Amino acid sequence: MIRLAKPNFPEIAIEKAIEVLRSGNLVQGKYVKEFENLLCEYLKVKNAIVVSSGTAALHLAMIALEINQGDEVIVPAFTFPATANVVEAVGATPIFVDINLSDFCIDTLKIEYAVTARTKAIIPVHEFGQPTKMDDIIKIAKKYKLKIIEDAACALGAEFENQKVGTFGDLGCFSFHPRKAITTGEGGVVVTDNDELADKIRALRNHGIQIIDDKIDFNYAGLNYRMTDFQAVLGLEQLKNLENDIKYRIQIAKEYNLKLSHIDWIKTPELFGNRRMVYQTYHILVDEKVNRDKLINYLKGNGVEVNYGAYALNCINFYKKKYNLTKDNNFHATKAFISGIALPLGNHVQFSDISIIVKIINKWGKDDN
Ligand SMILES: *Cc1c(COP(=O)(O)O)cnc(C)c1O
């Protein structure tokens, strides 16, 4: 089986994680700090606060920015549902805006139609590792005085006009789930240049605790969203190799683009001159005539692990029911959801695997289509 994604721990990371386990100092230790420092250096941002998941990062962002009941938050209609679930979690209302099929990110031309007097924030998602057009997002946020929380869960290392995504908004959130570029099992981080927000998030991840003048007090009704030290060391050691890993992912993606280009019922990802796409996921669209689910089963049956890329939120049960949505509400999101496939990508994928995968896809086109 050619796996869709596979964690890639350097041996040193595993050894150091075991060392932490043996030491008995499992939480808030030196590796949490080291991992945070290296993230700051890599992203060129002042503060990084590691937490227990990407969803925890987004949830803390909502709480820190005081997004509450009655507020509206603009979210792309095509994403992993966590982006909208955290808005629900604080009692606010997610407003779905359709995406572009060229980059699978929010269609920035449609955002202004969704802004109301209640709109508090925008959460652009850098889907599959492709940067959102942050220049447009910033313009709109300034015009309507909206906060920006970047959901960069799958875009560590991606750049818009030579600046790392996650560092444009008020807050940026990343995930270290096993499907992402580096993994701590479960994990995430919030980054920001705003020291005040950073202090608040540091307290919120740790029960609301702050130490002021050597005195501990609980200044917020915080949560426990801390990352353990043995997780942090796994992240730290992988982060040191991330640039090489990204370069490899880009090469593999190029090979896919080349080899799939002659299959007329497949649309490969588009590239943009001012954006660095890191291919967290290699996501293709198949023609409407193709039965996508049948194709997925066929590929799995032939030893190629594939899956859906992301979800149209207007098509999943909770949001469909709660807000009376249908597949027609966000046309592009629905199409990406119905016709999208994520192909295997990562360090474990060899160039020879691409030939095998493309050969299998070609055969399906001839025999079954
Ligand atoms: C993975 C992902 C999340 C959730 O991250 P977890 O670490 O799994 O909680 C949120 N948003 C997007 C866009 C993601 O890809």
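Everything numeric here is computed off the predicted structure, so don't read it as measured data. Both counts, for ligands and for their atoms, begin at 1 and track the order of listing.
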Note down each nitrogen or oxygen pair, ligand 1 side and protein side, whose separation is under 3.5 Å; give only atom names and the distance to 0.1 Å.
residue	atom	partner	partner atom	Å
ligand 1	5 (O)	Ser175	OG	3.4
ligand 1	7 (O)	Gly54	N	2.8
ligand 1	7 (O)	Ser175	OG	2.6
ligand 1	9 (O)	Gly54	N	3.4
ligand 1	9 (O)	Thr55	N	2.9
ligand 1	9 (O)	Thr55	OG1	2.5
ligand 1	11 (N)	Asp151	OD1	3.3
ligand 1	11 (N)	Asp151	OD2	2.8
ligand 1	15 (O)	Lys180	NZ	2.6

Item to check | Asp193 and Thr167 side chains, donor-acceptor separation under 3.5 Å | outcome: no
Can you confirm whether [X] sits close enough to [Y] that some side-chain heavy atom of one is under 4.5 Å from a side-chain heavy atom of the other?
| X | Y | result |
| --- | --- | --- |
| Ser175 | Phe80 | no |
| Arg202 | Asn47 | yes |
| Val290 | Ser339 | no |

Next on the checklist: Tell me whether the count of non-hydrogen atoms from other residues, nucleotides or ligands lying under 6.0 Å of NZ in Lys359 goes above 12.
Outcome noted: no
Next on the checklist: Which residues pass the salt bridge (charged side-chain N to carboxylate O under 4.0 Å, His left out) test with Arg3, not counting sequence neighbours?
Outcome noted: Glu305
